[in-house]
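Hydrogens, waters and symmetry mates play no part in the numbers below; they use all other heavy atoms, side chains included.
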Amino acid sequence: MKIKRIDFNKLCNKEHFQCQAGFKNLIPEYDPIVLRIDNLLQGSYLPLYDWEDEAILKITKKSFPELRIKADRKRDGAFRGMIYMNKEDCFLSF
């Protein structure tokens with residue numbers, strides 16, 4: 001499977017970083033000099049990658065686990081409700 005295009009504006013923080021990590025892990029397989037990205041890689045990409053990694057870690061550490069768990073439960077409940085409502089055997093009478 002090949003990815004034709006990724007709209008980075010639509011990715012959330014972790015999704016964006018995961019994509020960048022995948023790209024960074026592919027670089028050693030293909031020679032950066034042959035790809036002509038060596039200067040860009042060393043000059044700006046790797047420092048920005050490290051900065052994003054540090055920012056993601058800070059965001060993760062500062063998250064409020066209890067609030068996130070409660071919000072996840074509410075979301076899951078709403079999702080389950082939508083699934084239940086869409087089942088064939090569920091009918092509402094108003």
Side-chain atoms of residues 15-25: list all donor-acceptor pairs with protein atoms under 3.5 Å, sequence neighbours left out, distances to 0.1 Å.
| unit_1 | atom_1 | unit_2 | atom_2 | d |
| --- | --- | --- | --- | --- |
| Glu15 | OE1 | Cys12 | N | 2.8 |
| His16 | ND1 | Glu52 | OE1 | 3.4 |
| His16 | ND1 | Glu52 | OE2 | 2.6 |
| Gln20 | OE1 | Tyr45 | OH | 2.8 |
| Asn25 | ND2 | Ala21 | O | 3.2 |

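Evaluation of the side-chain hydrogen bond (donor to acceptor under 3.5 Å, both in side chains) test over residues 28-37, restricted to residues two or more places apart or in two chains, returns none.
Of all heavy-atom pairs between Pro47 and Leu41, the closest is CD-O, 4.2 Å.
Note on Arg75 versus Asp72: salt bridge recorded, some NZ/NE/NH1/NH2 to OD/OE distance being below 4.0 Å.
Atom NZ of Lys58 sits about 11.5 Å away from atom CG of Asp53, to the nearest 0.5 Å.
By the criterion of side-chain heavy atoms lying less than 4.5 angstrom apart, applied directly or through intervening Ile, Leu, Val, Met, Phe, Trp or Tyr residues, Leu35 is not grouped with Leu40; the two fall into different hydrophobic clusters.
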